[in-house]
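Report on one structure; see the data block that follows.
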Protein chains: 4
Amino acid sequence: MSARAPGRPRSAEADEAIVRATLEVLLEEGFRGLSVDAVRQRAGVGKATIYRHFPDKDALVVAAIRSLHKAVEEPPDTGSLEGDVHALFAQGYLSDPRITSFAPRLLAEAAGSPEMHAIFRSALIEPRRAFLGAILRRAVERGELLDDADLDLVIDLIAGPFIYRLLIDGGDPAVLAARGAAPLRLLLEGLAPGR
Amino acid sequence: MSARAPGRPRSAEADEAIVRATLEVLLEEGFRGLSVDAVRQRAGVGKATIYRHFPDKDALVVAAIRSLHKAVEEPPDTGSLEGDVHALFAQGYLSDPRITSFAPRLLAEAAGSPEMHAIFRSALIEPRRAFLGAILRRAVERGELLDDADLDLVIDLIAGPFIYRLLIDGGDPAVLAARGAAPLRLLLEGLAPGR
Amino acid sequence: MSARAPGRPRSAEADEAIVRATLEVLLEEGFRGLSVDAVRQRAGVGKATIYRHFPDKDALVVAAIRSLHKAVEEPPDTGSLEGDVHALFAQGYLSDPRITSFAPRLLAEAAGSPEMHAIFRSALIEPRRAFLGAILRRAVERGELLDDADLDLVIDLIAGPFIYRLLIDGGDPAVLAARGAAPLRLLLEGLAPGR
Amino acid sequence: MSARAPGRPRSAEADEAIVRATLEVLLEEGFRGLSVDAVRQRAGVGKATIYRHFPDKDALVVAAIRSLHKAVEEPPDTGSLEGDVHALFAQGYLSDPRITSFAPRLLAEAAGSPEMHAIFRSALIEPRRAFLGAILRRAVERGELLDDADLDLVIDLIAGPFIYRLLIDGGDPAVLAARGAAPLRLLLEGLAPGR
DNA sequence: CGTTAAGCGAGACGGTACGTCGTGTCTTTGT
DNA sequence: ACAAAGACACGACGTACCGTCTCGCTTAACG
């Protein structure tokens with residue numbers, strides 16, 4: 001018995017070319033300047049193929065965003081919580097221009113669209129929370145944090161102000177560097193076990 | 001020399017009708033569904049009039065957002081920082097559906113548009129930060145906070161996780177109520193002077 | 001090594017199914033509504049098979065039209081020219097709805113396409129001219145027409161007004177019956193030898 | 001009471017430019033090569049304007065055909081029926097390439113579309129019949145034709161074979177010149193009063 | 001107190017992008 | 001080895017929207 005659909009299968013190359021072209025146009029021309037025909041031309045692909053792979057332009061953008069997921073690398077172990085977090089920020093954990101540029105737009109689409117919101121979470125938010133979570137678990141093992149600390153809450157406390165600043169200041173890296181780390185010290189003091 | 005332009009003056013009624021219609025369409029149809037013609041029809045106004053009052057569609061949206069500013073009320077003095085902050089959250093400081101619905105969309109427009117971003121900050125962010133600031137200054141006067149506390153930073157620490165949760169969870173009020181207040185207690189402990 | 005049969009020799013069936021499906025779609029949807037995919041689906045055939053049998057859509061149409069040729073029957077001998085011609089008209093010599101429906105469309109394709117025009121002539125025009133020619137030759141033998149009459153010209157004179165009316169009046173059978181035969185009498189008088 | 005519609009009136013210039021551009025593209029590229037965007041570009045007009053003036057591409061073509069009507073000139077009086085008819089043919093009464101090229105295509109559209117057929121008749125057929133009719137009436141006055149001749153029938157007899165040849169031979173002018181006039185002599189003999 | 005310049009609703013205008021569909025070619029799997 | 005199924009590149013179709021431009025009319029300040 002065959003689980004295979006008949007006919008010529010969808011081209012993975014075309015799919016990849018479309019997503020890559022979308023990302024390129026998105027970065028060069030911005031969201032407003034993204035046209036399906038521009039993607040079509042750059043990908044060297046037929047318009048019908050785009051619409052066969054993605055129901056509409058939004059889905060195309062979502063796929064492009066999702067493709068960024070792979071780019072995020074594992075955070076290194078520097079030996080201390082503070083070092084780990086700084087390393088995470090330093091490696092562009094959230095200040096990656098692609099993220100600061102795309103995330104708000106994606107967020108806008110997510111408003112009123114539960115599926116879009118789920119994609120937003122799974123493609124952008126959760127992987128980053130997972131990295132922070134790993135760092136925090138290492139800190140607990142090291143004894144830097146209380147055993148019963150609510151790690152999800154701690155993540156909120158670390159990432160929240162950072163994101164907030166990101167949104168308010170429009171992703172200016174200098175401002176982020178200056179203010180992003182500030183809450184961390186405060187938290188480290190409040191959450192240290194021996195106190 | 002005349003300080004007055006000749007001819008019929010611009011109609012304040014038309015201006016108001018345009019802004020109101022824009023808000024209505026924005027709420028009913030969302031950002032994507034907002035078309036100048038829809039505003040025109042709902043406002044009972046000529047298209048040229050819209051473009052005489054606002055240079056383009058973005059300006060129209062900005063004006064509509066700005067018109068929401070008036071709705072925010074002064075936060076009451078409950079006698080304690082914790083009470084004030086809870087009161088602020090309780091009165092819908094940020095969970096106002098108009099805010100949770102508009103803010104992300106506006107944010108999306110703000111990405112890559114400095115003017116839009118400035119509007120976003122001045123119309124939505126700053127008024128709310130001002131309220132929190134007033135509350136915190138009262139707390140300093142009461143002796144609940146250290147005199148030399150960086151209030152802007154404290155605001156980040158309080159509002160940041162809240163906003164972060166708002167964005168992640170899509171503004172679900174129940175979740176906000178459960179998690180929004182959590183960081184506050186932690187902060188209050190860490191920032192109390194007598195320690 | 002496998003002695004498996006080299007696939008089903010379905011070629012002839014497929015060809016016939018394609019032509020039949022083309023005719024059906026042509027009659028139901030008209031020329032504009034004829035799409036190769038519609039033919040494909042109705043014939044239960046692969047698209048590549050169609051293009052293996054016919055170079056392009058025009059050839060497909062030509063084949064469909066040609067398949068109508070077989071339907072035309074030999075004209076009977078009634079004993080007189082007038083009777084023969086009336087019999088020819090009566091048997092639907094040209095008022096066959098398939099002809100009145102297809103001919104103009106085919107004509108349209110023929111404009112500017114010599115090959116199409118040749119098809120048009122050989123599949124529709126010439127067989128009918130041949131019938132008229134046979135009738136006229138019988139008339140010459142009977143002495144009803146002058147020996148040196150230009151039979152091609154006589155055919156033009158008989159068929160021309162008829163076709164002209166057909167095109168002008170849109171193939172309305174009543175009109176054709178009323179006016180189609182009229183020129184014939186006039187011609188018979190003018191071409192009778194004993195005058 | 002105002003008979004004037006509100007708003008900016010449709011542009012007669014745009015309409016004319018569209019029709020002219022359609023005719024040009026039609027003549028240069030042929031029917032198959034006619035695209036609305038080509039017309040749009042050549043006319044220097046917005047696509048929406050085309051579709052505001054004409055419901056679809058067919059209507060556009062019809063309007064272009066109709067615009068040819070004005071080009072037909074009055075037939076001169078040469079003093080004799082035969083001369084008049086020759087003059088009519090000589091001036092391109094029916095051999096105008098625009099006619100021989102468009103008529104069959106229009107005919108094809110007319111099949112199954114009464115409105116289209118009516119346009120075909122009123123824009124192409126009737127004006128030409130009217131010219132022939134005028135010539136024939138002059139002939140009756142001159143005594144060249146019987147007073148009680150059915151002029152409509154005579155028109156059929158003159159025009160019919162000519163059109164028939166036109167269609168069969170694809171509008172080759174040489175063939176038309178050779179064969180188109182042949183039936184005329186026959187008819188003149190048969191319809192002359194003094195016989 | 002009438003001119004007159006600029007406002008007004010209405011809607012057509014030139015463009016540009018959208019998403020659908022049709023053509024003729026190709027690449028799969030199944031028989 | 002050929003057939004069905006259907007994906008592919010290309011390009012036209014008809015719709016919607018943006019921001020500009022006439023229309024004919026109102027409205028108010030100035031002469």
Side-chain angles (χ1 to χ4, degrees), chain A residues 2 4-11 13-15 32-38 40-41 43-57, chain B residues 2 4-11 13-14 33-38 40-41 43-57, chain C residues 2 4-11 13-14 32-38 40-41 43-52 54-57, chain D residues 2 4-11 13-15 32-38 40-41 43-57:
Chain A
S2 167
R4 184 86 165 63
R8 177 174 173 176
R10 299 263 170 94
S11 160
E13 288 177 26
D15 201 288
R32 301 277 262 252
L34 175 71
S35 79
V36 177
D37 272 307
R40 186 201 76 78
Q41 187 165 4
V45 128
K47 211 169 172 184
T49 299
I50 295 181
Y51 283 100
R52 217 179 280 117
H53 287 248
F54 306 95
D56 58 8
K57 199 176 148 185
Chain B
S2 164
R4 183 76 166 70
R8 178 176 174 176
R10 299 255 173 102
S11 159
E13 288 176 29
L34 176 71
S35 75
V36 177
D37 273 308
R40 186 203 76 80
Q41 187 165 3
V45 125
K47 209 170 168 183
T49 300
I50 295 180
Y51 282 100
R52 217 177 280 118
H53 288 249
F54 306 94
D56 59 6
K57 196 178 149 185
Chain C
S2 166
R4 199 175 287 266
R8 292 169 298 186
R10 196 168 164 166
S11 177
E13 283 177 36
R32 294 285 263 260
L34 176 72
S35 75
V36 176
D37 273 310
R40 185 202 76 79
Q41 187 163 4
V45 124
K47 210 169 166 185
T49 301
I50 295 180
Y51 282 99
R52 217 175 282 120
F54 305 95
D56 59 6
K57 196 177 149 184
Chain D
S2 166
R4 183 84 164 62
R8 177 173 173 178
R10 299 264 170 95
S11 161
E13 288 176 28
D15 201 288
R32 303 276 263 252
L34 176 72
S35 79
V36 176
D37 271 307
R40 186 201 78 77
Q41 187 163 3
V45 129
K47 210 169 171 184
T49 299
I50 295 181
Y51 283 100
R52 219 179 278 116
H53 287 248
F54 306 95
D56 59 7
K57 200 176 147 184

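Nothing here was measured: the structure is a model prediction, and the numbers come from that model.
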Within the structure shown, what part of the strands sits under 4.0 Å from [X] by heavy-atom distance: base, sugar-phosphate, or nothing?
X: A/L34; result: sugar-phosphate
X: C/D37; result: base
X: B/R52; result: base

On DNA chain E, check which nucleotide each of B/G46 and C/P55 is closest to and give me the residue with the more 5' one.
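The answer here is B/G46.
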Please tell me which of D/D15 and A/K57 maps to the more 5' nucleotide of DNA chain E, matching each residue to the nucleotide holding its nearest heavy atom.
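Looking at DNA chain E, the more 5' nearest nucleotide goes with D/D15.
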How close or far is atom [atom2] of [N] from atom [atom1] of [X], stated in whole angstroms?
X: A/Y51; N: F/dC13; atom1: OH; atom2: P; answer: 18 Å
X: A/Q41; N: F/dG11; atom1: CD; atom2: C1'; answer: 13 Å
X: D/R10; N: E/dA10; atom1: CZ; atom2: C1'; answer: 13 Å
X: A/I50; N: F/dA7; atom1: CD1; atom2: P; answer: 16 Å
X: A/E13; N: F/dA9; atom1: CD; atom2: P; answer: 10 Å

Nearest to side-chain heavy atoms of [X], which nucleotide of [options]:
X: C/A48; options: F/dT22, F/dA5, E/dG24; value: F/dA5
X: C/V45; options: E/dC21, F/dA4, F/dC21; value: F/dA4
X: D/H53; options: E/dC13, E/dG7, F/dC13; value: E/dC13
X: C/V36; options: E/dT23, F/dC17, E/dC21; value: E/dT23
X: D/S35; options: F/dA5, E/dA17, F/dC13; value: F/dC13
X: A/T49; options: F/dC23, E/dC8, F/dA9; value: F/dA9

Atom CD1 of A/I50 and atom CG of A/D15: how far apart are they, to the nearest 0.5 Å?
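Here the rounded value is 10.5 Å.
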From OG1 (C/T49) to CZ (C/F54), nearest 0.5 Å:
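Going from the OG1 atom of C/T49 to the CZ atom of C/F54 covers 11.0 Å.
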For the helix from E/dC1-F/dG31 to E/dT31-F/dA1, what angle separates the axis at the start from the axis at the finish, each from five pairs, in steps of 10°?
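End-to-end axis angle for the helix from E/dC1-F/dG31 to E/dT31-F/dA1: 10°, rounded to 10°.
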Establish whether the base of F/dG14 is bridged to the side chain of D/K47 by a donor-acceptor pair shorter than 3.5 Å.
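Result: at least one qualifying N/O pair found.
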At less than 3.5 Å, do the side-chain atoms of B/R8 and the base atoms of E/dC8 form a donor-acceptor pair?
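A donor-acceptor contact between them is absent.
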5'-most contact on DNA chain F: D/D56 or B/G33, nearest heavy atom basis?
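That would be D/D56.
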With sequence neighbours left out, write down each residue that passes side-chain contact (heavy atoms from CB on, under 4.5 Å) with [X], or none if nothing qualifies.
X: A/K47; result: A/V36, A/D37, A/R40, A/Y51
X: A/S11; result: A/E13, A/A14
X: D/R8; result: none

Is any side-chain nitrogen or oxygen of D/R40 closer than 4.0 Å to OP1 or OP2 of E/dG14?
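Negative; the distance criterion is not met.
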So, A/R52 side chain and A/R10 main chain: donor-acceptor pair closer than 3.5 Å or not?
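No: the side chain of A/R52 does not pair with the backbone of A/R10.
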